[in-house]
Protein chains: 2
Amino acid sequence: MSRQFPLNDQAIEIVARRFAVLAEPMRLRLIQALFDGEKNVTELTALTGGTQANISRHLQTLIAAHVLDRRKEGLQVFYRVADPSISKLCGLVCGSLEKTLNQQAAHFDAGR
Amino acid sequence: MSRQFPLNDQAIEIVARRFAVLAEPMRLRLIQALFDGEKNVTELTALTGGTQANISRHLQTLIAAHVLDRRKEGLQVFYRVADPSISKLCGLVCGSLEKTLNQQAAHFDAGR
DNA sequence: ACATTGAATGAGCAAATACGTATATACTTG
DNA sequence: CAAGTATATACGTATTTGCTCATTCAATGT
């Protein structure tokens, strides 16, 4: 295991699917809201400002992708981040984007 | 800079866009093909087995996202990976997916 | 059993996107 | 300048996906 690259076609599809799951603003908001601990659907709906139906749908997508876990407690369902790599991924992307933006800013300054 | 989470709405959109760029199998194949050095469009078209038009389109998407850089040499255009975080991202995702799949395999075994 | 509350799902619509075919652009060479 | 080659783009189409509204499902309390 872990020969890493190059990935075969099926592996590529799976990786692409994982990125796709993280490619929606509302889902990123949900994930982010869960970084500091589990929350139920009502809380998440209030925090992210979406409709309950839409939040619920996105949560199912994240569950199917094993990004989140859920726990039922009476009428409520609590969600939490299941995959520890998620925050690392977001951190990496943020760092890289910062760098790119700084470079662009530098070029902008240089063109004064 | 680098306060990291929580991200504001605009930052969320940008991060989502970055993930979206990585969420297409053909684009992942292109990126992967470039991990071992720059290649021109004809080579990439042959390696990935798509039409030239489609490859070219995906390359433009990756350029716009600053994932790749390009270099013209006569009639040919050579592309290379510009962002070093990309291979780290793919590595992280692969590692996490391996783990998930192993867990599923373990549960499957446990249910024997 | 019924009403109430929290969460999930079905149907329909609008927007985004990936693809192929055809065409255009850029550069080189005769 | 004409022809040829490598790459990019325009256009039309099919598929996917995200959203809302309405409804259903699940669990609790009366």
Side-chain angles (χ1 to χ4, degrees), chain A residues 9 12-34 37-82, chain B residues 9 12-34 37-82:
Chain A
D9 283 3
I12 287 269
E13 299 273 347
I14 295 174
V15 172
R17 179 60 199 156
R18 160 128 304 205
F19 281 126
V21 165
L22 299 176
E24 285 299 326
M26 183 57 88
R27 285 199 285 270
L28 288 179
R29 278 190 210 106
L30 290 168
I31 290 169
Q32 202 175 213
L34 293 173
E38 66 174 15
K39 295 187 175 53
N40 66 30
V41 178
T42 302
E43 291 172 315
L44 289 171
T45 301
L47 278 172
T48 58
T51 64
Q52 181 266 320
N54 198 30
I55 300 303
S56 211
R57 252 182 247 290
H58 283 305
L59 290 171
Q60 304 319 304
T61 300
L62 291 165
I63 287 290
H66 297 98
V67 172
L68 303 184
D69 269 346
R70 35 180 289 167
R71 174 178 73 83
K72 280 193 90 161
E73 184 177 316
L75 276 176
Q76 305 172 17
V77 180
F78 288 88
Y79 288 83
R80 81 192 96 89
V81 177
Chain B
D9 283 3
I12 287 269
E13 300 272 347
I14 295 173
V15 173
R17 179 60 199 155
R18 161 130 301 207
F19 280 125
V21 165
L22 299 176
E24 284 300 325
M26 184 57 87
R27 285 199 286 270
L28 288 179
R29 279 190 209 106
L30 290 169
I31 290 169
Q32 203 175 212
L34 293 173
E38 66 174 15
K39 295 186 176 54
N40 66 30
V41 179
T42 302
E43 292 172 314
L44 289 170
T45 301
L47 278 171
T48 59
T51 64
Q52 181 267 320
N54 199 31
I55 301 302
S56 210
R57 251 195 298 274
H58 282 306
L59 290 171
Q60 304 320 304
T61 301
L62 291 165
I63 288 290
H66 298 98
V67 171
L68 303 184
D69 269 347
R70 36 180 289 166
R71 176 178 72 83
K72 279 192 93 164
E73 184 178 314
L75 274 178
Q76 303 171 17
V77 179
F78 288 88
Y79 287 84
R80 80 190 98 88
V81 177

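Letters go in sequence order (proteins before strands), and every chain restarts at 1.
- Going from atom CG of A:Leu44 over to atom C1' of C:dA8 covers 15 Å, rounded to whole Å.
- Rounded to an integer number of Å, the gap from NZ of B:Lys39 to P of D:dT7 is 14 Å.
- When the side-chain hydrogen bond (donor to acceptor under 3.5 Å, both in side chains) test is applied to B:Gln76, the partners found at least two apart in sequence or on another chain are B:Asn40.
- Nearest heavy atoms, A:Gly50 versus A:Thr45: O-CG2, 3.3 Å.
- Computed from coordinates, the B:Gln76 CD to C:dC27 C1' distance equals 11 Å when rounded to whole Å.
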**Request:** Quick one, give me the B/S/- string for nucleotides 21-30 of chain D, reading 5' to 3', where B means a protein heavy atom under 4.0 Å from the base and S means that only happens at the primed atoms, P, OP1 or OP2.
**Result:** BB---BBS--
**Asked** Could you walk me through whether B:Val81 and B:Leu68 pass the side-chain contact (heavy atoms from CB on, under 4.5 Å) check?
**Response** CA-CA 4 Å; B:Val81 177; B:Leu68 303 184; 4.1 Å; yes
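- Atom CD1 of B:Ile63 and atom C1' of D:dA8 are 13 Å apart (whole Å).
- Here D:dG18 presents its C1' atom at 12 Å from CD1 of A:Ile55, a figure rounded to the nearest Å.
- With a 4.5 Å cut-off on side-chain heavy atoms, A:Ile55 and A:Met26 count as touching.
- The side chain to side chain contact (heavy atoms under 4.5 Å, CB included) test with B:Arg70 is passed by exactly one of B:Leu62, B:Val77, B:Val41, B:Leu59: B:Val77.
- Side-chain N/O atoms of A:Tyr79 include one lying less than 4.0 angstrom from OP1 or OP2 on C:dA8.
- Going from atom CG of B:Leu59 over to atom P of C:dC19 covers 12 Å, rounded to whole Å.
- Each of C:dG6, D:dT7, C:dC19 was ranked by its minimum atom distance to the side chain of A:Thr42; first place goes to C:dG6.
- A:Ala23 approaches A:Pro25 most closely through the heavy-atom pair O-CD, 4.0 Å.
- Residues meeting the side-chain hydrogen bond (donor to acceptor under 3.5 Å, both in side chains) test with A:Arg18, sequence neighbours left out: A:Asp83, B:Ser96.
- For C:dT17, the OP1/OP2 oxygens have no side-chain nitrogen or oxygen of B:His58 closer than 4.0 Å.
- One atom, CD of A:Glu13, and another, P of D:dT16, lie 12 Å apart when rounded to the nearest Å.
- Residues from residues 15-34 of chain A lying near DNA chain C, meaning a heavy-atom separation below 4.0 Å, are absent.
- Within the structure, every pair that satisfies the side-chain hydrogen bond (donor to acceptor under 3.5 Å, both in side chains) test and touches residues 57-68 of chain A, not counting sequence neighbours, is listed here: A:Arg27-A:His58, A:Gln60-A:Tyr79, A:His66-B:Gln104.
- Distance, A:Gln60 CD to C:dG6 P: 18 Å, rounded to whole Å.
- Partners of A:Glu24 under the side-chain hydrogen bond (donor to acceptor under 3.5 Å, both in side chains) rule, at least two apart in sequence or in another chain, do not exist in this structure.
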